[in-house]
Number of protein chains: 2
Amino acid sequence: MAQTNLERQVETRLREHEIRLTEGRRTLIQALGKADGPKSAADLHSRLGDQVPLSSIYRSLSVFEDAGVVSPHYSTKGVTRYELAEWLTGHHHHLVCVNCGVVEDIEIDDRLETQLEAIVEEIGRDVSFAPVDHALEIDGNCRQCQ
Amino acid sequence: MAQTNLERQVETRLREHEIRLTEGRRTLIQALGKADGPKSAADLHSRLGDQVPLSSIYRSLSVFEDAGVVSPHYSTKGVTRYELAEWLTGHHHHLVCVNCGVVEDIEIDDRLETQLEAIVEEIGRDVSFAPVDHALEIDGNCRQCQ
DNA sequence: GTTGCAATTGATAATGAGAATCATTATAGT
DNA sequence: ACTATAATGATTCTCATTATCAATTGCAAC
C-alpha cells in the first residue's frame, strides 16, 4: 500500500518534470522505499543484482536528485548515499556508525523536533542566517559494530 | 599567540604518535588555524600556492586525521573538507551553503548546547544507542550567495 | 492501435579526488 | 655530527562517478 502510494507520488513528480519512469527506475524507487537509511549506488547494486546495471543506478539517482525525489547524504569519504526526499518520507535525522559508515534514519517525536527547531531558529538569528533545512547527526557504533 | 599555542599542541600530539612535524605540515596547520571552517585539499592548495604541493597536502591531512589532529567533514559530493579537531578548537557546529557548498563553523552558547545535548541523549536512549558525538548542520545561503 | 521523438539504456571510456610509488631529502633522537 | 627512517614531490594508480554512443523504449499525440 504505502509502497504503491510511494510509486504514485514519484510518478506524479516525474511527470511534472517530464522525466520518464522506466522499469529500472521503478525498481530503484522500490528498493529505496524499503531501505532503512541512505544507500550508496554500490549498496543498491549489490541488493538488486543484475536487475539494474550500476551505470543506470548512478544515472537514475542523479536524475531523481534533480527532480527532488531523492536527497544525497554525505558521511563517508568518496561515497554518496541517497534516500527518498523528506516530502515522501517525513523529516528525520541520522545515526552514523563511526566504525563501518552505515547510516540509519531516525524519526524523533514532535516534542524533541520542536525543541530542535527552536534551537536552529535561535542560532539562525544569532548569525543572521535564514535556515532552510537542518540535520542532526548522531555518531556512535551501530548494532553490528558494537 | 593562539597560533603558537596551536602549533605547540599539535607538536605534542604528533610527537606522542611519533609523527614528524615538517615545515610543509606546519604551514598546513597554520592555514587550518586561520580558516573559518572546514577546507578541502584544493582550497588549501590554492591558498598556499606552491608552498605545499597538492600531493603533500592530501598525504599530510590523512596523517593528521589518523593522529586526531584534524577531523573530516563531508557535505559535498566527491570532496572532503578538513578542520582542526575539536580538542584544539572547541565543540562547534556547521552552516552549509546550499548553493556553493562552503562550510562555516559556528559555536553556540552553553545554554543551547546543553539543550542540544539533552535532545541527543534522549534520542540515544530511545534507540538504544550510545552517542559518541553529534553534529548539527544548518543549511541555507551563505553571505556570498544571498 | 500506431507513430514519432527524444529520453533512456548498458557497456565502456573518461574524469577527478585521493592513494600509492620511488629515489631522494629531511627530521629528530642520540 | 651521525643515523634511521619518516616524509617528500612528481607521477602513476585506484575507485566512485560521469560521459559517450548506437540501439532501444516510454509515452503523448493521433
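In what follows, chains are A, B, ... by sequence order, proteins preceding strands, each numbered from 1. Note that the structure is predicted; figures quoted are calculated from it, not measured.
- With D/dA7, C/dT8, C/dA19 as the candidates, the nucleotide lying closest to the side chain of B/R20 is D/dA7.
- In this structure, A/H45 atom NE2 and C/dT9 atom P are separated by 13 Å, rounded to whole Å.
- With DNA chain C read from its 5' end, the first of the two nearest nucleotides for B/A41 and B/L21 is the one closest to B/A41.
- Atom-to-atom, CZ of A/R59 to P of C/dA14 comes out at 17 Å; the value is rounded to the nearest Å.
- Between A/H93 and B/H134, a ring centre-to-centre spacing not shorter than 6.0 Å is recorded.
- Separating the CD atom of A/E18 from the P atom of D/dA28 is a distance of 9 Å, rounded to the nearest angstrom.
- Nearest heavy-atom pair across B/E83 and B/P38 is OE1-CG, 3.4 Å.
- The side chain of A/S60 approaches C/dT9 more closely than any other nucleotide in the set D/dA10, C/dT9, D/dA7.
- Contact check, B/T80 against C/dG18: a side-chain N or O comes under 4.0 Å of OP1 or OP2.
- For the pair B/Y58 and C/dA19, the criterion of a side-chain N or O lying under 4.0 Å from OP1 or OP2 is not met.
- Counting to the nearest Å, the P atom of C/dT27 and the CZ atom of B/R25 are 11 Å from each other.
- Counting to the nearest Å, the P atom of D/dT18 and the CG atom of A/L54 are 11 Å from each other.
- Residue A/H17 contributes atom NE2, which lies 16 Å from atom P of D/dC27 at whole-angstrom precision.
- Shown here for B/V96 and B/H73, the closest heavy-atom pair between the two residues is CG2-NE2, 4.4 Å.
- In this structure, A/K77 does not reach the D/dA16 phosphate: none of its side-chain N or O atoms is under 4.0 Å from OP1 or OP2.
- Between B/T22 and D/dA7, a side-chain N or O to OP1/OP2 separation shorter than 4.0 Å is absent.
- Side chain of B/R25 to backbone of B/S60: no donor-acceptor contact under 3.5 angstrom is found.
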